[in-house]
Amino acid sequence: FTTIVNAFRSWYESDRRANVRIRVLLTHPGAVDVLEYQARYEHNLFTPSLTAEERLIIDQTIQRAQAGIRFTIDLLNTLQPNMPPVEIRFHREKLRKWIHFINGEKVYLGLLRAGVSGLNSPTIELKAVRSRWSLYDHYVEEMESLWNSAETPTSTLFSSASTGAPPVSG
């Protein structure tokens, strides 16, 4: 979400919004095992033992992901309060895709490849098919399940105890 957060903010603060429900599901910043999995996947580093250089790459990728999550939360917290609320939850699942749902009609699905940044992932557009079950329904059901099992943010979310990083000042 970090890669599109500025475009989201611009849309959110415009007059073009309809009566919408906005939900953002992010990786929990304290789920270091999940962030490490994602970092290893992005850099295609799955060997049981890493060199010092590879470990540094993984650690820096984890820290960038945690910083990106903090940035996203900080930005969402600055949105005007009279706007529709943005619901935020955190998951702890090892995912190999990103998903954006649009108006209950479309799904944009980014398929993450080993060794490739998510920004360079192939993207599939799926549309709802009202008369029968489809891949669109599969991903809606999967994300609903993730959403329902996800955690809501707490005020201690970015403490050094929960993320291994210094507390966020604010």
Side-chain angles (χ1 to χ4, degrees), residues 1-12 20-76 86-129 133-153 157-158 162-165:
F1 189 75
T2 305
T3 58
I4 64 160
V5 75
N6 286 324
F8 169 79
R9 180 184 194 142
S10 183
W11 167 82
Y12 186 81
V20 296
R21 181 176 187 194
I22 302 167
R23 300 187 306 176
V24 178
L25 182 64
L26 300 169
T27 303
H28 192 292
V32 177
D33 62 323
V34 174
L35 295 170
E36 179 166 337
Y37 170 82
Q38 291 170 336
R40 283 177 174 259
Y41 198 82
E42 179 179 333
H43 296 288
N44 203 21
L45 294 173
F46 284 104
T47 57
S49 60
L50 300 173
T51 67
E53 182 180 339
E54 291 169 335
R55 180 78 251 165
L56 181 61
I57 290 168
I58 297 301
D59 290 344
Q60 288 174 338
T61 303
I62 291 169
Q63 290 167 2
R64 273 193 308 277
Q66 288 173 323
I69 294 165
R70 279 188 212 96
F71 170 77
T72 299
I73 297 303
D74 289 347
L75 183 129
L76 293 175
V86 177
E87 299 173 68
I88 303 167
R89 292 194 184 170
F90 296 98
H91 72 83
R92 295 175 180 267
E93 300 294 325
K94 295 176 180 176
L95 302 176
R96 294 175 28 192
K97 60 186 159 286
W98 56 259
I99 300 178
H100 296 279
F101 292 96
I102 312 295
N103 298 332
E105 297 293 326
K106 290 183 187 178
V107 167
Y108 291 99
L109 174 67
L111 304 173
L112 303 176
R113 298 181 348 212
V116 178
S117 165
L119 294 173
N120 298 316
S121 304
T123 303
I124 298 172
E125 178 182 325
L126 302 171
K127 294 181 181 177
V129 178
W133 188 89
S134 67
L135 273 177
Y136 170 89
D137 299 300
H138 167 77
Y139 287 107
V140 168
E141 291 167 8
E142 180 182 5
M143 293 312 293
E144 283 300 318
S145 176
L146 281 169
W147 180 263
N148 291 332
S149 65
E151 302 170 41
T152 55
L157 184 64
F158 293 110
S162 66
T163 65

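We count residues from 1, following the sequence as given. The figures here come from the full heavy-atom set of this structure, side chains too, leaving out hydrogens, waters and symmetry mates.
The minimum heavy-atom distance linking A150 with F90 is given by the pair CB-O, 3.3 Å. The two residues L35 and A65 come nearest to each other via the heavy atoms CD2-CB, 3.9 Å. Counting all heavy atoms, side chain and backbone alike, L112 lies closest to K97 at CD1-N, 3.6 Å.
Side-chain atoms of T51 come within 3.5 Å of backbone atoms of E54 as a donor-acceptor pair (strictly under, hydrogens ignored). No donor-acceptor distance shorter than 3.5 angstrom exists from the side chain of N44 to the backbone of Y41, with no hydrogens or angles considered.
Contacts of S145 classified as side chain to side chain contact (heavy atoms under 4.5 Å, CB included), with partners at least two apart in sequence or in another chain: none. Qualifying side-chain hydrogen bond (donor to acceptor under 3.5 Å, both in side chains) partners for R9, counting only residues two or more places apart in sequence or in other chains: E13, T78. Every salt bridge (Lys or Arg N to Asp or Glu O under 4.0 Å) that D59 has, sequence neighbours left out, goes to R55. Residues that satisfy the salt bridge (Lys or Arg N to Asp or Glu O under 4.0 Å) test with E141, not counting sequence neighbours, are absent from this structure. With sequence neighbours excluded, the residues satisfying side chain to side chain contact (heavy atoms under 4.5 Å, CB included) with V86 are F8, Y12, I22, V24, L76, L79, I88. In this view, E105 and R130 satisfy the salt bridge (Lys or Arg N to Asp or Glu O under 4.0 Å) rule, not counting sequence neighbours. For R64, the side-chain hydrogen bond (donor to acceptor under 3.5 Å, both in side chains) test picks out T61, with sequence neighbours left out. Residues forming a side-chain hydrogen bond (donor to acceptor under 3.5 Å, both in side chains) with E93 (at least two apart in sequence, or on another chain): none. With sequence neighbours excluded, the residues satisfying side chain to side chain contact (heavy atoms under 4.5 Å, CB included) with T123 are W98, Y108. A search for side chain to side chain contact (heavy atoms under 4.5 Å, CB included) contacts involving K127 returns K106, E125, not counting sequence neighbours. Shown here are the side-chain hydrogen bond (donor to acceptor under 3.5 Å, both in side chains) partners of R40, two or more places apart in sequence or in another chain: E36.
Two residues are said to be in side-chain contact when any heavy atoms from C-beta on lie closer than 4.5 Å; R92 and E151 meet this criterion. With a 4.5 Å cut-off on side-chain heavy atoms, Q38 and T27 count as touching. Using a 4.5 Å heavy-atom cutoff, the side chains of F101 and R23 are not in contact. At a threshold of 4.5 Å between non-hydrogen side-chain atoms, the residues H28 and H91 do not count as touching. Looking at heavy atoms from C-beta onward, W133 lies in side-chain contact with H138 at the 4.5 angstrom threshold. With a 4.5 Å cut-off on side-chain heavy atoms, L146 and L95 count as touching. Contact of the V129 side chain with the Y136 side chain is not registered, since no non-hydrogen atoms from C-beta on lie closer than 4.5 Å. Proximity of L126 to I124: side-chain heavy atoms (C-beta onward) are separated by under 4.5 Å at one or more points.
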(message) Please determine whether side-chain contact (heavy atoms from CB on, under 4.5 Å) holds for the pair D137 and L135, giving the CA-CA distance in whole Å, both sets of side-chain angles, and the decisive distance to 0.1 Å.
(response) CA-CA 5 Å; D137 299 300; L135 273 177; over 6 Å; no
(request) Go through the steps for R96 and E42 under the test salt bridge (Lys or Arg N to Asp or Glu O under 4.0 Å), then give the verdict. (result) CA-CA 10 Å; R96 294 175 28 192; E42 179 179 333; over 6 Å; no
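Applying the salt bridge (charged side-chain N to carboxylate O under 4.0 Å, His left out) definition to pairs two or more places apart or across chains, none involves residues 24-34.
Here the CG-CD1 distance, from L26 to I73, works out to 5.5 Å after rounding to the nearest 0.5 Å.
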